[in-house]
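First up is the structure itself, then whatever we jot down about it.
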Amino acid sequence: MSSVLKAVRGTRDLLPPETALWNHVETVARSVFARYGFGEIRTPVIEPTELFSRGVGEETDIVSKEMYTWEDRARAASEKAQSLTLRPENTAGVVRAYIEHKLGETGRLQKLCYIGPQFRRERPQKGRYRQFFQIGAEVIGPPSSGSESPLRDAEVLEMLATLLDELGIARASAENNYKGWKLALNSVGSSTDRPRYVAALREALAPVKDKLCPDNQRRAETNPLRVLDSKDENDQAIIDSLPKIVDYLDAESKQHFADVLAALDACGVPYTVNPRLVRGLDYYTRTAFEFTMETGLGTQNALLGGGRYDGLSETIGGPKAPGIGFAIGEDRLILTLQALAEEKQSAEADNHLHAHKLDAYIAPLGTEQNAAALALASTLRRAGLSVEVGDGTFKMKKAIPLADTLARHLIILGEDEAKAGEATVKTLATGEQVRLSSSELPKRLSSAKP
RNA sequence: GCGGCUAUAGUUCAGGGGUUAGAACGCGGGAUUGUGAUUCCCGAUGUCGAGGGUUCAAAUCCCUCUAGCCGCCCCA
C-alpha cells in the first residue's frame, strides 16, 4: 500500500503567513546590507566536495560527518566521476567565486552578501534543520584594499548590531533581564599563532588527559581547541589552568584585536571578550565571534557566528585575500522573532505573523454576476488595491462573514447594481454601506486605505 | 551519531484492553429566496503516525520503523 509522501527528515515547508515574516527579515537585511555597500552574490547549492574538505577542514565535524556528498555520473567512460556536495555553509563558495572571477584583480574591497539554503546532515532539533537558511556577508579583497584592517571587523559587527536593532531584537540589558542579544568575541590568532597555541595546548593536556571526561579526552586528541568551550563541570578547573590564547598572539594579532575592540567601543556596540570562544571551522583566524539569544531558541542559542579568514583563499588555491564574514541562522532568527511576538515583545514581528486584510472582497450575487465581478476585481487590482472575489453561488450568509475575515470592505454585485452600473460597498467594521457607480470605486477604496 | 519523551478530527487536546472513538474551536447545511460576527437546530469530521505481534477482543499491551520534541555532540 502506498504511504503518504512527506518532506524528508530535517526539511520543512514554510507556509503563509509565516513566510511574510521571512520576507520581512530578508527585506530588512538587504536594506541594511545595501547601506553598508554590500552587493548580493548567488553561488550554486552544489560545489565540488574538495572545496569544503580543503576550505572548511577535513577534520571538522561538518566535513567529517555532516555533508551530503555523492559521486556525480561520469559523462564518458574516460571521465572520472566528480564528487559533489550540497553546500554546508556559504563562505567557501563565495571565496571560490571571488577567486574564479578574479575579483581580487579589481584591487577593490569586495563586499558580498547572500541569502540561501545550506545543508548539514545532523540530527534535527528545534532551531537545527538539515536544510536551513543563512543570511551572510563577506568582506574580502587583496591586502592592499584594506581587507585586513580591524576597521572591517568592527564595521561588520556594528552592521549586525544595526540589523538586529532594526528587526526589533533588543540588546541584553538590565531592563530585559539580560535576555536580549549578546555578542561574544575572541581572537583565535593568526595562521602562525594558532598552530603554536594548539601545540602548547596539546602539551598541557597530555599529563592531565586521564582526568578529563571521555568527550574531552577525545577532543584533546582530535581538536584541542574544542576542550576550551566544554561545559563539563568537573573539567572546568583543568580548563582554567590551560594556557590562554592571548599569551600566544603575536604583537600584530594583539594590536589587531585591540583595535577591533576600540572601534566597537567608539560605535557603542556592547560585547564581552570570551577567551574560550573557538569556532568549529578551520579557516577562522584572529577575530571570531558569535551572537547568542535566549528567547525562542533552546540549546541552539547561537543566532549567528562568524570571523576572519585571512588564509582561506590560499588554502583553496587562490591569491592572498584576507576576509571577514558571518552567517546568520535565519531559521533561528525567525524562531526568536516568533517568540518575541508571542511574548508581546515585538509588535512588528507580530504584525508580520498575521495575514493582512485585503482592501475589498467582491461578492457576486448569482453566478451570472461572476464575470462582472472578476472584471471589477481586475480594475481595482490594477489600481493598486488588494482584492478577493467570491463566487456567485455563495449566499450572503456565507459571503459576509467570509469577507469580514479577509477584507475591510465588501462589494456587493447583484442584479440591481448590475443594471444601474453600480456596486454596494459595505464597511465591515461598522456595517455602514453606500451605493456608488462602479467608476467611483477605485478612488473611494483607495482613500479608505489605512 | 548517542540517550529520553511523544504521535488520536483542519487545530488544540481527552480516552490507558470491551465491541458504534470524544470535546472545544474551526468547517458544511438549515432556521432567514439580497445583509455577518450573537442565538438555535442538523451534519461530516478520522486508515487513532506506518508495519508486525500478543489476545475472543488493541487507539489502548509488546516489537520494529518513521517523524517531531528535549538533552548530548556540534553548529547557524
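Closest contact between the side chain of A:I412 and the listed nucleotides B:rU35, B:rA37, B:rA76 involves B:rU35. Nearest to the side-chain atoms of A:D404 among the listed nucleotides B:rC73, B:rG34, B:rA37 stands B:rA37. Candidate nucleotides B:rC74, B:rC75, B:rG36 were compared by shortest atom distance to the side chain of A:K426, and B:rG36 ranks first.
Formation of a donor-acceptor pair under 3.5 Å by the A:N176 side chain with backbone atoms of A:S173 is found in this model. Panel note: side chain A:S446, backbone A:P442; a donor-acceptor pair is recorded below 3.5 Å. Between the side chain of A:K111 and the backbone N or O of A:Y36 there is at least one donor-acceptor pair closer than 3.5 Å.
In this entry the distance linking CD of A:E122 with P of B:rG1 reads 11 Å, nearest Å. Distance A:L406 CG to B:rG36 C1': 13 Å, rounded to the nearest Å. Whole-Å rounding puts the A:I334 CD1 to B:rA76 P distance at 18 Å. When rounded to the nearest whole Å, the span between CG of A:L333 and C1' of B:rC75 equals 16 Å. Going from atom CD of A:E59 over to atom P of B:rC73 covers 20 Å, rounded to whole Å. A straight line from CD of A:Q369 to P of B:rG34 spans 12 Å, rounded to a whole angstrom. Distance A:K6 NZ to B:rG49 P: 11 Å, rounded to the nearest Å. Whole-Å rounding puts the A:K397 NZ to B:rU38 P distance at 11 Å.
Shown here, B:rG16 is classed syn by the O4'-C1'-N9-C4 or O4'-C1'-N1-C2 angle, which is within 90° of 0.
Counting non-hydrogen atoms under 4.0 angstrom, A:L428 reaches a base of the nucleic acid. If you check every strand for non-hydrogen atoms under 4.0 Å, A:G136 touches nothing. Across all strands shown, A:R226 has heavy atoms under 4.0 Å from sugar-phosphate atoms exclusively, and none from any base. Among the heavy atoms of the strands, none lies under 4.0 Å from A:Q131. Here A:D331 lies out of heavy-atom contact (under 4.0 Å) with every strand. Among the protein residues, A:Q433 comes within range of the nucleic acid bases, having at least one heavy atom under 4.0 Å from a base atom. Within the 4.0 angstrom heavy-atom criterion, only backbone atoms of the sugar-phosphate kind lie near A:R121; the bases stay farther away. Contact annotation for A:E89: no contact, since no heavy-atom pair falls under 4.0 Å across all strands. Counting any heavy atom pair closer than 4.0 Å across all strands shown, A:G305 reaches sugar-phosphate atoms only and no base atom.
For B:rG46 and B:rA21, the C1' atoms lie 9 Å apart once the distance is rounded to whole Å. Atom C1' of B:rG71 sits at a distance of 16 Å from the matching atom of B:rC75, rounded to the whole Å. With both ends at atom C1', the span from B:rC72 to B:rG53 equals 34 Å, rounded to whole Å. Atom C1' of B:rA31 sits at a distance of 16 Å from the matching atom of B:rG36, rounded to the whole Å. B:rC25 and B:rC2 have their C1' atoms separated by 41 Å, with the value rounded to a whole Å. For the P atoms, the distance linking B:rA37 with B:rC27 amounts to 12 Å, nearest Å. Between B:rU55 and B:rU12, the two C1' atoms lie 34 Å apart (nearest whole Å). Taking the C1' atoms as reference points, B:rC61 lies 43 Å from B:rA76, given to the whole Å.
Side-chain contact check for A:L428 versus A:K357: every heavy-atom pair is 4.5 Å or farther apart. Looking at heavy atoms from C-beta onward, A:E388 lies out of side-chain contact with A:L402 at the 4.5 angstrom threshold. Looking at A:V156 and A:T287, their side chains never come closer than 4.5 Å, going by heavy atoms from C-beta outward.
Looking at which nucleotide of RNA chain B each of A:L413 and A:A429 is closest to, the 5′-most match is held by A:L413. Take the nearest nucleotide of RNA chain B for A:L365 and for A:L304: the residue whose nucleotide is more 5' is A:L365.
In terms of phosphate contacts, A:R332 brings no side-chain nitrogen or oxygen within less than 4.0 Å of OP1 or OP2 of B:rC75. Between B:rU32 and A:K395, no contact under 4.0 Å exists linking OP1 or OP2 to a side-chain N or O.
Under the Watson-Crick and G-U wobble criteria, each requiring two contacts below 3.5 Å, nucleotide B:rA44 is left unpaired. Across every strand in view, B:rA50 sits in a pair with B:rU64 that passes the Watson-Crick or G-U test at under 3.5 angstrom. If you check B:rU32 for Watson-Crick or wobble pairing at under 3.5 angstrom, you find it has no partner at all. Nucleotide B:rC13 forms a pair with B:rG22, judged by Watson-Crick or G-U wobble geometry with both contacts under 3.5 Å. The partner of B:rG1, taking Watson-Crick or G-U wobble pairs whose two distances both stay under 3.5 Å, is B:rC72.
Note on ring orientation: taking the six-membered ring where Trp is involved, the planes of A:W22 and A:F133 are perpendicular (angle over 60°, cut-offs 30° and 60°). Between A:F38 and A:F33, the ring planes lie tilted relative to each other; the angle falls in the 30° to 60° range. The aromatic rings of A:W181 and A:F291 lie tilted to each other, with the angle between the two planes from 30° to 60°.
Checked by atom type, the side-chain pair A:T69/A:T85 shows a donor-acceptor distance below 3.5 Å.
Interface remark: the A:E417 side chain does form a donor-acceptor pair with the B:rG34 base, using a distance-only criterion of under 3.5 Å.
Salt bridge absent: A:E89 and A:R120 never bring a charged side-chain N and a carboxylate O closer than 4.0 Å.
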Polar-atom pairs under 3.5 Å, protein N or O versus N or O of nucleotides 68-71 of chain B: list them with distances, or write none.
residue, atom, partner, partner atom, Å
B:rG68, OP1, A:G10, N, 3.0
B:rG68, OP2, A:R9, NH1, 3.1
B:rC70, OP2, A:K126, N, 2.9
B:rG71, OP2, A:T299, OG1, 3.3

